[in-house]
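A quick write-up on the structure given underneath.
From a predicted model like this one, the values you see are computed outputs, not experimental measurements.
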Number of protein chains: 2
Amino acid sequence: MVNSLRTDAQGREQLAKSGYRSTPQRRVVYRLLQQNVDHPTANEVFLRARQALPGISMATVYNCLEALVQCGLIRQVNLDRTASRYCANMDEHCHFCCECCGSLFDVHCASDAVRRQAQLPPGFQATRYELVIRGICATCAAERRPQREQRPEKAGAPVV
Amino acid sequence: MVNSLRTDAQGREQLAKSGYRSTPQRRVVYRLLQQNVDHPTANEVFLRARQALPGISMATVYNCLEALVQCGLIRQVNLDRTASRYCANMDEHCHFCCECCGSLFDVHCASDAVRRQAQLPPGFQATRYELVIRGICATCAAERRPQREQRPEKAGAPVV
DNA sequence: CTAATAATTTTAATTATTCCAAGTTTTGAC
DNA sequence: GTCAAAACTTGGAATAATTAAAATTATTAG
């Protein structure tokens, strides 16, 4: 399904292409992201990485994530103004953000078609299209179905 | 062109519908956003609002923006982890972000078609689709054309 | 007019992230 | 292998954007 997974050797090579070294910390962070599809934040990565590398620091986690993003092994996902999330799925996809539980899901999306919809002004050159879908995930929808109302107040979805 | 502009009276009514009052500060902030299509940040709104209301505070600007967003008079645009930007154009549109100069542009986009491209898992319900296009705006493209290279280093676009 | 409610202001705190200096590790040249 | 240079890691300080708390002011209902 996901065809973007890289072995350690491939990871090292990809890092090297951008002038980065493959370090134990970077390998742990990358592997951790490959094994978890829940788009963790830097802090969540830190907590998980500490299980393998008890001495790792937050600054190093940020450094690793930066290096992995720069060399194209992972991508950074920014939603709202909450902490950045990180994603090792480099296949073309967009993100669904549940406004109820805040979870983030990968969603397949034919970007060619999306591309065609935007009418760029003359002279503008697009390099990337990022689609974010907001709504309610299946789990939250199932839990909600019984009740029929929505909160009218400035409730503010718990986006985290 | 833009059909979402509201008069003061309409603005007041819209605020009231969500339980907010129309205050001098909110009116100034709203009018300012209507007159500027450049998607200012909270700080930029603050600086401009001060011209009309020298005593206004940053916290009030945030409060005003929050109220205007909540009642649907303006929208908040979050890109990367930079400061939020605000936009009084409530017509359906997506945003183009120039990776060279950081400017943000409204772009017409047929969202029905975009909607059809995303294959949501069963049970998922979408409420909003947000498309962000990144690339180079006409101005920057024109300035760049002479030179043919792109920076290979981790340059990091000046996304402001 | 008065009380109750809401908005604004000022100040302080929080959050996520970046920067920095110092020590450590890795790499490449010899 | 040894040495110097470059890259990395670390802990802590610094920063930017935002939010929260407390006090003051304005508005509205009665």
Measure the distance from OH on A:Y20 to C1' on C:dT27 and round it to the nearest whole Å.
18 Å
If you compare every side-chain N and O of B:S84 against the phosphate oxygens of D:dT18 (OP1, OP2), does one of them come in below 4.0 Å?
yes
Within this structure, what is the CZ-to-P distance between A:F46 and D:dG12, rounded to whole angstrom?
12 Å
CG of B:L79 versus C1' of D:dA16: gap in Å, rounded?
17 Å
Can you work out whether A:N78 or A:R12 has the more 5'-proximal nearest nucleotide on DNA chain C?
A:N78
Under a 4.0 Å N-O cut-off, is there an ion pair linking A:D8 with A:R31?
yes
Measuring from the side chain of A:A59 (C-beta onward, heavy atoms only), which nucleotide among C:dA7, C:dT9, C:dC19 has the closest atom?
C:dC19
Decide whether B:Q76 and B:S84 meet the rule of one side-chain donor and one side-chain acceptor closer than 3.5 Å.
yes
Check this one for me: any side-chain N or O of A:T23 less than 4.0 Å away from OP1 or OP2 of D:dT9?
yes
Which is true for A:N43 with a 4.0 Å heavy-atom rule: it touches a base, it touches only sugar-phosphate, or it touches nothing?
nothing
Let me know the distance between CZ of A:R27 and C1' of C:dT26, rounded to the nearest Å.
12 Å
Given D:dC8, C:dA16, C:dT8, which nucleotide is nearest the side-chain atoms of A:Y62?
C:dA16
So is B:R50 actually on top of B:F46's ring, under 6.0 Å and inside 45° of the axis?
yes
According to a strict under-4.0 Å criterion, is A:R81 in side-chain N/O contact with OP1 or OP2 of D:dA17?
no
Salt bridge or not for B:R81 and A:D80, using N-O below 4.0 Å?
no
Salt-bridge contact B:D91-B:R75 (side-chain N to carboxylate O under 4.0 Å):
no
To the nearest angstrom, how far is B:L65 atom CG from D:dA17 atom C1'?
13 Å
Check whether any side-chain N or O of A:N63 sits under 4.0 Å from OP1 or OP2 of D:dT9, and answer yes or no.
yes
Answer yes or no: does a side-chain N or O of B:Q25 lie under 4.0 Å from OP1 or OP2 of C:dT9?
yes
Regarding B:S57, tell me which of base, sugar-phosphate or nothing describes its non-hydrogen contacts under 4.0 Å with the strands shown.
base
Side chain of B:R21: nearest nucleotide among C:dT5, C:dT25, D:dT9?
C:dT5
For atom CZ of A:R12, is the number of surrounding heavy atoms from other residues, nucleotides or ligands below 6.0 Å larger than 12?
no
Closest to side chain of B:T60, choosing from D:dT10, C:dT26, C:dT8:
C:dT8
Please report the distance, rounded to the nearest Å, between CZ in A:R50 and P in D:dT10.
12 Å
What is the distance from CG of A:L15 to C1' of C:dT27, rounded to the nearest Å?
16 Å
In whole angstrom, give the distance that lies between atom CE of A:M58 and atom P of C:dC20.
19 Å
Closest to the A:A83 side chain: D:dT9, C:dT17, C:dT27?
C:dT17
